[in-house]
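Here the structure comes first, spelled out in structure tokens, and everything after it is commentary.
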Amino acid sequence: MSPLKKTYILKLYVAGNTPNSIRALQTLNNILEKEFQGVYALKVIDVLKNPQLAEEDKILATPTLTKILPLPVRKIIGDLSDRERVLIGLDLLYEELQEEEDVSDAD
């Protein structure tokens, strides 16, 4: 019996089509398609077009990835090229490590 998967609600704040913004979006899409397989909603917000949204969410730098759900809210700033850091920031890698420990404890 597999446990119910969490749904991840994410916002990626970018500033136009800069190389860092494009890289962050590509990297995030790769991670989401491989690791989250349909259990996520991603909203990309261009702060140049919607500065009020960045201001409301207190975004000071781009690109910034914000995990809204599941709680706690987390922010990751940068081009997201450090896959492990992104997975830890989204609480996914920690859960995988816990599951691996649980399996090895059962051996």
Side-chain angles (χ1 to χ4, degrees):
M1 179 162 46
S2 63
L4 290 174
K5 293 259 184 195
K6 294 178 186 174
T7 299
Y8 288 78
I9 308 296
L10 307 166
K11 291 182 185 178
L12 178 64
Y13 295 86
V14 296
N17 288 326
T18 64
N20 276 349
S21 295
I22 292 168
R23 187 170 34 254
L25 184 56
Q26 289 173 338
T27 303
L28 182 58
N29 279 330
N30 289 339
I31 291 170
L32 292 175
E33 287 305 313
K34 183 174 183 200
E35 307 291 345
F36 291 80
Q37 300 168 346
V39 294
Y40 68 90
L42 173 64
K43 182 173 185 176
V44 179
I45 299 166
D46 185 339
V47 299
L48 300 178
K49 294 178 183 173
N50 298 297
Q52 73 282 3
L53 294 177
E55 190 175 326
E56 287 171 13
D57 290 340
K58 296 177 176 49
I59 302 301
L60 302 175
T62 60
T64 295
L65 175 64
T66 302
K67 178 187 70 143
I68 308 299
L69 289 175
L71 294 173
V73 172
R74 294 269 175 91
K75 291 183 182 177
I76 303 168
I77 300 168
D79 67 4
L80 309 179
S81 58
D82 185 342
R83 182 180 181 82
E84 187 172 307
R85 184 173 157 239
V86 173
L87 293 174
I88 290 170
L90 296 176
D91 293 330
L92 184 67
L93 188 60
Y94 176 77
E95 289 176 11
E96 285 182 351
L97 292 173
Q98 288 298 107
E99 288 173 9
E100 287 175 14
E101 286 178 11
D102 291 345
V103 169
S104 64
D105 287 346
D107 290 341

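- The CD1 atom of Ile88 sits 9.5 Å away from the CZ atom of Arg74 when rounded to the nearest 0.5 Å.
- Counting heavy atoms from C-beta outward, Leu28 and Leu42 have side chains that approach closer than 4.5 Å.
- Residues Val44 and Ile76 share a hydrophobic cluster, clusters being chains of Ile/Leu/Val/Met/Phe/Trp/Tyr side chains in contact below 4.5 Å.
- The hydrophobic clustering, which links ILVMFWY residues whose side-chain heavy atoms are closer than 4.5 Å, places Leu48 and Leu65 apart.
- Contact detail for Asn17 and Ile22: the closest heavy-atom pair is O-CD1, 3.4 Å.
- Rounded to the nearest 0.5 Å, atoms CG (Asp46) and CG (Leu53) are 10.5 Å apart.
- Side-chain contact between Leu32 and Leu10 is present, with at least one heavy-atom pair separated by less than 4.5 Å.
- Of the inter-residue distances, the one linking Lys75 atom NZ with Lys58 atom NZ reads 8.0 Å to the nearest 0.5 angstrom.
- Counted by atom type alone, Asp79 and Ser81 present one or more donor-acceptor pairs between their side chains at under 3.5 Å.
- Between Ala24 and Gly78, the closest heavy-atom pair is CB-O, 4.2 Å.
- If you take CD on Gln26 and CD1 on Ile31, they are separated by 12.0 Å, rounding to the nearest 0.5 Å.
- Proximity of a side-chain donor or acceptor of Asp57 to a complementary backbone N or O of Ile59 within less than 3.5 Å is not detected.
- The two residues Thr62 and Ala15 come nearest to each other via the heavy atoms OG1-CB, 3.4 Å.
- The OH atom of Tyr13 sits 10.0 Å away from atom CG of Asn50, with the distance rounded to the nearest 0.5 Å.
- The hydrophobic clustering, which links ILVMFWY residues whose side-chain heavy atoms are closer than 4.5 Å, places Val14 and Val47 apart.
- Hydrophobic cluster membership is shared by Leu71 and Ile68, with clusters built from Ile, Leu, Val, Met, Phe, Trp and Tyr side chains linked at under 4.5 angstrom.
- To the nearest 0.5 Å, atoms CG (Leu69) and CD1 (Ile9) are separated by 5.5 Å.
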- Task: Quick one: do Val86 and Thr27 satisfy side chain to side chain contact (heavy atoms under 4.5 Å, CB included)? Show the steps, please.
- Result: CA-CA 10 Å; Val86 173; Thr27 303; 5.7 Å; no

